Amino acid sequence: MGNFRFDDLMKDLGVPGKQGRDRKPQPVSERQSVAEVRPDLSGAGLGEAVAPTPKNASNVIRPDDALSELWTPEERSGQGGDLASLVTERGYLNNEQLESARRMERQVPGRALSALMVDAGGDEAGIQSVVAELSRIPFERIEPDSGVEWDRTFLRTLGSEYCREKSILPLRREGSRIVVGTTEPDDLFLLEDVKRRLGVAVLKHVLMTRTDILQAIESHGETSVEEIDVEDLLANVEEDEVEVKEKDDEFTDFEAEAESSPVVKYVNHIIQTAVKEGASDIHIEPGEETLKIRFRIDGVLFEMMTPPRKMHGALTSRIKIMSNLDIAERRLPQDGRICATVMGRRMDLRVSTVPTPRGEKTVMRILDTRSINVTLDDLGFGPDQLTVWKGQISQPHGVILVTGPTGSGKTTTLYSSIRQMDRRRLNISTVEDPVEYHLDGITQIQTHDLIGMNFSTALKSLLRQDPDVILVGEIRDLDTATTAIQASLTGHLVLSTLHTNDAPSSITRLINIGIEPFLAGAAVNSILAQRLVRRICPACSTEQPVPSEMADFLSVHGIRRKTLAQGSGCSACRETGYSGRSGLYELLVLDDFLRDRIASNPNVTEFRRLCVERGMATLRDDGFAKVESGATTVEEVLRVTEATI
């Protein structure tokens with residue numbers, strides 16, 4: 001921008017400068033009026049010039065008149081009085097409502113007066129039309145008889161949630177411009193954001209009422225639902241693809257009635273697709289206008305289906321019938337189980353429903369027996385880790401702990417370890433909540449807290465059953481931990497889980513629960529912390545050069561390769577570059593030195609440092625070893641692990 005002298009600018013406006021204050025102002029005919037080039041800050045046409053002032057309006061511009069042509073922020077606030085007088089004169093607001101709006105304006109100064117007038121009971125459409133008139137912006141309404149049409153394509157581009165939150169509605173295209181309706185006349189930042197999202201250079205701004213905008217968005221949701229053709233979707237789904245194993249005849253009549261509906265086919269289609277995709281969980285999530293069905297595949301949720309919103313109640317009722325739940329109870333959470341045969345494979349589905357303001361959300365966990373029929377060799381252990389772990393589960397007594405968050409594969413590791421044992425010679429018993437998989441050759445007990453059948457009670461009963469190996473689903477309290485340690489000290493091998501971030505902190509957790517440090521050190525043999533990372537898809541795995549900014553970071557972890565494996569994405573992996581999962585393991589075996597240190601009750605940071613010094617490989621160390629071998633990526637390792645040292 002060029003440099004301008006203030007005196008020259010004032011001289012052009014007809015105001016005497018410091019060197020010529022006695023000069024006569026220039027007539028309008030000899031220069032261009034300020035109004036001809038002043039931008040329209042009201043939003044009309046979004047930057048189009050205001051019509052020039054007629055030249056015969058006056059012969060001379062006085063200094064005050066020239067300066068009054070310059071817009072100042074106070075000019076907008078000055079319209080408040082005009083707005084109040086006009087809306088009351090035209091009958092859109094009475095004096096009592098106006099006074100109420102004025103009181104609210106003092107309490108919430110950041111809110112527009114027009115909105116406060118509507119809150120006070122004024123006519124929204126009339127008040128908004130006056131605001132549009134004062135702002136010189138067109139006012140439009142969407143009503144059956146108004147003749148205003150709007151294109152729903154732009155609404156789908158912006159998204160219903162965005163438009164509802166911002167009170168904005170894209171209406172139609174006029175030439176190269178898109179007409180956009182808002183409730184505020186001067187929100188220029190919002191209009192710039194809309195231009196960026198729609199990818200256009202020019203918008204035409206009109207004012208609308210918030211009620212019209214919300215009704216239009218709601219009608220768009222109803223229309224989009226009707227456009228989905230469920231019959232075409234279910235054409236290739238057979239009703240007998242998912243066969244429910246009956247447990248009783250209590251709901252026979254309900255099921256006979258439900259099986260005449262396409263809902264049965266759709267539920268079968270959901271389960272069948274989830275099994276084909278290798279999903280571990282199915283999420284049925286109701287929204288205000290839509291219904292989303294997401295699958296958890298390899299630990300990550302993917303949106304797979306969007307059935308009509310009106311099907312939500314029928315889908316939920318069908319799933320409740322299949323899992324023997326109360327279809328009339330919608331205010332309380334419910335848990336159930338579906339025993340089914342899907343495409344010739346036996347499946348167990350754990351069903352959980354919870355009430356939400358938009359309806360019941362349903363989650364089904366798919367328990368596929370094939371997922372646990374894996375050996376320890378297939379879980380992702382390193383050669384040295386696998387040898388040590390097999391030696392630990394062969395011990396005659398002691399406590400072995402597996403730690404990690406929910407969904408990190410602890411149950412799979414424990415079941416695979418039990419399958420490694422000689423079940424013909426050993427009496428193996430489990431206490432679980434719930435029993436997820438049924439294993440042959442072992443005794444499995446389900447806990448029931450409501451009747452007092454908890455982990456501690458069941459464990460004490462099992463000790464009178466002459467066990468060799470006991471699997472406790474989780475150590476949650478002092479009573480269970482004490483019983484487990486006593487069982488290990490009396491000659492039993494106890495396997496259990498804890499929810500801790502790493503292996504060393506499990507000892508601290510036991511001590512915090514209330515176990516004496518010397519007992520924890522004497523009873524615990526080893527602790528295995530684990531996480532799950534996605535494997536690189538073998539179908540699209542390629543060697544990619546290591547970025548320079550990552551090379552230094554990898555060299556710290558002992559990786560000095562110039563290239564690393566990366567999945568480029570293909571149809572086999574849903575374009576993600578990953579297929580399947582592998583475990584990361586942190587195995588801590590307690591020796592006499594560490595047992596002595598545990599007896600002195602060290603803090604977790606000091607104890608972790610001692611464990612690393614004694615040769616323990618951390619989760620991140622194991623992760624980078626798998627990165628170097630081409631099994632996974634750096635991003636996956638950093639996603640599930642943290643730097644602990």
Side-chain angles (χ1 to χ4, degrees), residues 156-157 159 224 227-238 241-242 265-285 290-308 315 340-345 347 349 363-374 378-380 407 409 412 531-547 563-584 623 626-640:
R156 287 193 290 269
T157 302
S224 63
E227 293 174 354
I228 300 176
D229 191 348
V230 181
E231 295 297 331
D232 293 343
L233 177 65
L234 304 179
N236 298 322
V237 180
E238 299 297 333
E241 286 291 344
V242 179
K265 278 189 174 184
Y266 201 89
V267 172
N268 292 351
H269 169 66
I270 294 172
I271 298 174
Q272 179 180 336
T273 305
V275 173
K276 286 181 179 178
E277 294 289 338
S280 61
D281 299 88
I282 302 171
H283 292 241
I284 302 177
E285 303 170 336
T290 59
L291 180 64
K292 292 192 302 184
I293 297 179
R294 299 194 292 172
F295 294 167
R296 186 177 295 278
I297 304 173
D298 293 339
V300 179
L301 283 171
F302 293 90
E303 185 173 334
M304 304 296 291
M305 306 174 190
T306 54
L315 291 176
T341 301
V342 183
M343 297 180 296
R345 292 165 51 188
M347 296 283 179
L349 288 82
V363 176
M364 292 185 285
R365 168 159 289 186
I366 301 174
L367 305 177
D368 187 359
T369 55
R370 294 201 311 186
S371 65
I372 63 164
N373 290 337
V374 293
D378 300 326
L379 293 180
T412 301
R531 299 289 190 277
L532 291 178
V533 293
R534 292 182 290 175
R535 295 178 184 265
I536 296 175
C537 177
C540 60
S541 177
T542 57
E543 290 290 327
Q544 299 292 335
V546 178
T563 61
L564 289 175
Q566 191 82 25
S568 58
C570 63
S571 58
C573 60
R574 297 169 297 280
E575 305 299 331
T576 62
Y578 299 99
S579 178
R581 287 189 290 178
S582 177
L584 302 185
K626 288 180 169 60
V627 169
E628 189 170 21
S629 66
T632 187
T633 62
V634 176
E635 292 78 12
E636 277 295 291
V637 173
L638 297 180
R639 180 177 67 89
V640 302

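Values in this document were obtained by computation on a predicted structure and should not be read as measured data.
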Contact summary for [X] and [Y], nearest pair of heavy atoms:
X: A565; Y: I536; answer: O-CD1, 3.4 Å
X: H269; Y: T273; answer: O-OG1, 2.7 Å
X: L532; Y: G407; answer: CD1-O, 3.6 Å
X: M347; Y: V342; answer: CG-CG2, 3.8 Å
X: I293; Y: Y266; answer: CD1-CE2, 4.0 Å
X: D298; Y: Y578; answer: OD2-O, 4.3 Å

Check your understanding: How far apart are the C-alpha atoms of T306 and T290, what are their side-chain angles, what is the distance that settles it, and do they pass the side-chain contact (heavy atoms from CB on, under 4.5 Å) test?
Key -> CA-CA 7 Å; T306 54; T290 59; 5.8 Å; no
Name every donor-acceptor pair, under 3.5 Å, that has one atom in a side chain of residues 275-284 and the other anywhere in the protein, sequence neighbours excluded.
residue: E277; atom: OE1; partner: R574; partner atom: NH1; Å: 3.4
residue: S280; atom: OG; partner: R296; partner atom: O; Å: 3.3
residue: D281; atom: OD2; partner: R365; partner atom: NE; Å: 3.1

Review point. Backbone N or O of R581 within a donor-acceptor pair of the R534 side chain at under 3.5 Å?
Key: no
Review point. Is a donor on one side and an acceptor on the other found under 3.5 Å between the side chain of K626 and the backbone of G380?
Key: yes
Practice item. Dump the intermediate steps for side-chain contact (heavy atoms from CB on, under 4.5 Å) on L291 and L315, then the final yes or no. Key: CA-CA 11 Å; L291 180 64; L315 291 176; 3.8 Å; yes
Practice item. Using the side-chain contact (heavy atoms from CB on, under 4.5 Å) rule, take L367 and L349 through it: C-alpha gap first, then chi angles, then the decisive distance, then the call. Key: CA-CA 6 Å; L367 305 177; L349 288 82; over 6 Å; no
Exercise for review: Compute whether any side-chain donor of one residue and acceptor of the other, for Q566 and S568, lie under 3.5 angstrom apart.
Suggested key: no
